[in-house]
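Here's the structure, in structure tokens; my notes come after.
Just so we're clear, the structure is a prediction, and the values are computed from it rather than from any experiment.
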Amino acid sequence: QDLERTTSALERRLDNRENEIMALIRENDNLKKDRVSLESAASHSQKMAKVAEENLRFMESRAKAAEDEMRQMASRYNDDLAGVESKVDEIEATNLYLRGKVFKK
């Protein structure tokens, strides 16, 4: 009877150990799945960060191009304005000349 009780106790301990091992195996499987998910998320985040960096570089390039174009437009405007002012000065000089001729008569 003692042998039977000892055997029964050992069987219960063995069953408990098997249950603990099965629980650990399940937990390990879950942890593996979590790791795979986290690695996938990290990979996706790295790709998105790379795309964001490329977009930022593109936008910076576009901003620089727009800035250069604005400088060129301002330069052309100033050149055009100088040309108009020069033409106005020419017309005013011609007017003064013609007025002088008219008043001399």
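Panel note: side chain S86, backbone A82; no donor-acceptor pair is recorded below 3.5 Å. Judged purely by atom type and a 3.5 angstrom limit, S8 has no side-chain atom pairing as donor or acceptor with the backbone of E4. In this structure, N78 contributes its side chain and A74 its backbone to a donor-acceptor pair below 3.5 Å.
Within the structure, salt bridge (charged side-chain N to carboxylate O under 4.0 Å, His left out) contacts touching residues 31-47 (residues at least two apart or in different chains) are R35-E39. Within the structure, side chain to side chain donor-acceptor pair (under 3.5 Å) pairs that include any residue of residues 57-66 comprise K64-D68 (at least two apart or interchain). Applying the salt bridge (charged side-chain N to carboxylate O under 4.0 Å, His left out) test to residues at least two apart or on different chains, the pairs with a partner in residues 78-99 are K87-E90. Listed by first and then second residue, the salt bridge (charged side-chain N to carboxylate O under 4.0 Å, His left out) pairs involving residues 7-24 are R17-E20 (not counting sequence neighbours).
How far CG of L98 is from CD1 of I91: 11.5 Å, rounded to the nearest 0.5 Å.
Scored by the salt bridge (charged side-chain N to carboxylate O under 4.0 Å, His left out) test, K50 finds no partners at all (sequence neighbours excluded).
With salt bridges taken as basic N to acidic carboxylate O contacts below 4.0 Å, none links D29 and R26.
In this structure, M48 shares a hydrophobic cluster with no other residue, the cluster being traced through Ile, Leu, Val, Met, Phe, Trp and Tyr side chains under 4.5 angstrom apart.
Exactly one of L31, I25, N30 qualifies for a side-chain contact (heavy atoms from CB on, under 4.5 Å) with E27. That residue is L31.
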